[in-house]
**Q** 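Sending over a structure as structure tokens; questions will come in a sec.
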Amino acid sequence: MNGLERMNKFLAGEKVDRPPFIPLAIDWVARQEGLSQEEFVYDPMKRAHAYIDICDKYEFDAILPDSDFFEQLEDMGVKPVLGDSGYHADPVLEEPEDVENLPQPTFAPGTRMGNRIETIKEIVKERGDQKFIFGTCIDAFTEYCNARGLEDAMCELMEDDEETMEGIRFFQEVGLKFIKAQMEAGANGIQIVAPNCSLVSGALYKDLLAPLHKEMVELIQSYGGKSRLHICGDTLHIMPYSLGTGTDILDIDYQVDLDKAYELLGPNQYFCGNLNPAGDLLQGAPEDFDAKVRNIYDKTHNRTIISGGCDVPEATPVENMIAFQKAVVALGE
Amino acid sequence: MALLDDIKDNLIIGKSKIVKQLVQQAVDEGLPPKSILEDGLLAGMNVVGDKFQAGEYFVPEVLVAARAMTKGVDIIKPLLVAGEDGGAAGKVCIGTIQGDLHDIGKNLVKMMMESKGLEVIDLGNDVAPQTYIDTAVNEGCNIIACSALLTTTMNNMADVVSLAEEAGIRDKVLIMVGGAAVTQTFCDKIGADKYTTDANSAAAAAVEYCSAHAS
């Protein structure tokens, strides 16, 4: 059974040999492949083949060729700068209404989002019959926060949600087009990346942000694809609503109480997670992975695609990744 | 006093403009600035901190409350007599460790610490380990607080500990660490003193330390 088969069957509720294994690895991939940040972020073919190599070598069941948080924003005028901690960009919206002046992305080859589409096409060409291929889309709220500045964005959302939601809507429209382009490029699913949503109340998420995620989920599913909603941190307080978007897969971070989360899981939904990236993947010992992976499997009754709770730290030892993969394989024995 | 309660209540719900107006009114009516600060503004931030700890408030609610606090403090700060600023509980220097530019967690910790009456020197982001030490020495800080979101940057926290030893202040300052990348195991490994998981417990730990070591 290859990764594509395993993912499709698992997500259809059919019997599989063991749960899929799809660590969310980004900077780790670049480091393992010896790529500079600039090559990894800006060269679509190098990124495609870096992911193919790593996902083959460590037997990931899916390929998700992510890079950085400015892939979409750079096509809208943001200028990321590479520093010691990766790419960073100053807010581009000095006032909320400046969103009206942002350029509309074209998705043409050579643009950031155009390059991602080329990356996906290349991976589909090379591994489309073997691996489940995810595109990604950063959610509109996170985009707005990055474009405006996190503190300003959140305060404005509290003080004038109508006006702020108009600004967020701009990024939603771009996101929907980006999802469409990636699905048409052959992606099997899309990961909606929404890290800032764990920072808001359940009420705010339910009223203002979940509808945006639902719109993205429904678009992905209209293409026959699987949606995967990724919100870092402890998300139990918003989980009734994040699962309420109808997402096929909900990524869960290590802080989430698995017992309580499982009670909320819908009949055709699955989790993906949830080892501690720093505590387990980076700092853990190889011999610890069996028990930790088994815990996830048992507590969620084999309804979890096994991964870290968030992305694999860049310095994660190779032996830990190998031990992680072996622990998942052992679930089927 | 009703006016101070109004300041407190409006700060709790993040009404910056109203807090600013009410603080000005309180000043105009001759209320002591120290009372306005402690019984109005800080009292409100304390409630905000408790609600954040209890999971009733989240980051946006804390941020708007903090903005309201800032608006109020801006009015009364020039009026406070030296030593009346309520910051005598202790002094902290805080920053996101070198290489890391994420600051929301650090900013929340700073807000919570200030709400508890601590004076906080914000070193910003991407702070070199030596900067923490120099600030602690020059400003007489009781606590050095480092945060890291990225696993690639957190090892720089170990340098803060070793530089504190070299500077001869290791036994004079509490070194606190936190952030998404940090764990208790990591804290123990680098020899830092205290790991906390959230802003309110960081502030509580800082207050507890300063109270226990008050000269």
Side-chain angles (χ1 to χ4, degrees), chain A residues 27-28 31 37 69 81 83-90 141 145 149-161 164 195-205 208 232-234 236-238 253-255 276-285 308-316, chain B residues 13-18 51-52 54-68 70-71 96-108 110-111 125-128 148-156 177 179-190 195 197-199:
Chain A
D27 292 338
W28 191 79
R31 178 186 271 211
Q37 269 285 309
F69 266 106
V81 173
D84 290 340
S85 61
Y87 280 95
H88 172 75
D90 290 332
F141 179 54
C145 287
L150 180 67
E151 290 191 27
D152 284 335
M154 288 201 170
C155 286
E156 285 155 12
L157 190 61
M158 294 292 291
E159 290 159 359
D160 189 340
D161 58 357
T164 307
N196 292 348
C197 292
S198 62
L199 303 179
V200 308
S201 69
L204 191 155
Y205 178 76
L208 298 181
C232 321
D234 188 353
L236 208 55
H237 66 291
I238 61 170
D253 209 338
Y254 74 93
Q255 303 95 327
N276 185 333
D280 294 332
L281 301 185
L282 176 66
Q283 298 167 0
C310 201
D311 59 305
V312 176
E314 188 182 346
T316 296
Chain B
I13 56 174
K15 297 293 184 189
S16 297
K17 287 180 187 163
I18 297 176
K51 285 179 178 288
F52 187 50
E56 293 172 36
Y57 267 20
F58 291 80
V59 171
E61 287 86 355
V62 174
L63 289 177
V64 291
R67 283 199 170 184
T70 300
K71 292 264 196 251
T96 307
I97 197 68
Q98 188 168 32
D100 206 319
L101 298 172
H102 297 90
D103 63 359
I104 185 68
K106 180 265 294 177
N107 289 347
L108 289 171
K110 178 190 167 194
M111 289 171 205
N125 305 326
D126 189 19
V127 181
L149 184 80
L150 302 175
T151 54
T152 46
T153 63
M154 67 191 202
N155 287 325
N156 292 328
V177 294
V182 182
T183 60
Q184 183 64 60
T185 304
F186 177 76
C187 173
D188 296 340
K189 180 182 164 190
I190 65 168
Y195 162 66
T197 56
D198 59 80

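Throughout, protein chains are lettered first and strands after them, A, B, ... in sequence-line order, and every chain is numbered starting at 1. Values in this document were obtained by computation on a predicted structure and should not be read as measured data.
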**Q** Based on non-hydrogen pairs under 4.5 Å, which of A:Leu150, A:Val200, A:Asn196 is most in contact with chain B?
**A** A:Val200
**Q** Let me know if A:Glu156 has heavy atoms under 4.5 Å from chain B in its side chain, its backbone, both or neither.
**A** neither
**Q** Name the region of A:Asp311, side chain, backbone, both or neither, that has any atom closer than 4.5 Å to a heavy atom of chain B.
**A** neither
**Q** Contact part of A:Tyr205 toward chain B, heavy-atom cut-off under 4.5 Å: side chain, backbone, both or neither?
**A**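 For A:Tyr205, there is no contact with chain B at all, as no heavy atom is under 4.5 Å.
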**Q** Which answer fits B:Ala180, side chain, backbone, both or neither, if we ask what part of it has an atom under 4.5 Å from a heavy atom of chain A?
**A**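 The backbone, not the side chain.
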**Q** Which residue out of A:Ala278, A:Cys155, A:Ala153 racks up the most heavy-atom pairs below 4.5 Å with chain B?
**A**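 Of A:Ala278, A:Cys155, A:Ala153, A:Cys155 has the most heavy-atom pairs under 4.5 Å with chain B.
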**Q** Given A:Gln283 and B:Thr185, is the side chain to side chain donor-acceptor pair (under 3.5 Å) satisfied, shown in steps?
**A** CA-CA 9 Å; A:Gln283 298 167 0; B:Thr185 304; 5.4 Å; no
**Q** Quick check: do A:His88 and B:Asp126 have side-chain heavy atoms less than 4.5 Å from each other?
**A**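 Counting from C-beta outward, A:His88 and B:Asp126 never come under 4.5 Å.
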**Q** Return a table of donor-acceptor pairs under 3.5 angstrom between the side chains of residues 55-65 of chain B and protein atoms on other chains or two or more places apart.
**A**
residue: B:Glu56; atom: OE1; partner: B:Lys51; partner atom: NZ; Å: 3.3
residue: B:Tyr57; atom: OH; partner: B:Ile12; partner atom: O; Å: 2.7
residue: B:Glu61; atom: OE1; partner: B:Phe58; partner atom: N; Å: 3.1

**Q** Between A:Leu157 and chain B, which part of the residue has a heavy atom less than 4.5 Å away: side chain, backbone, both or neither?
**A**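 Neither; nothing under 4.5 Å.
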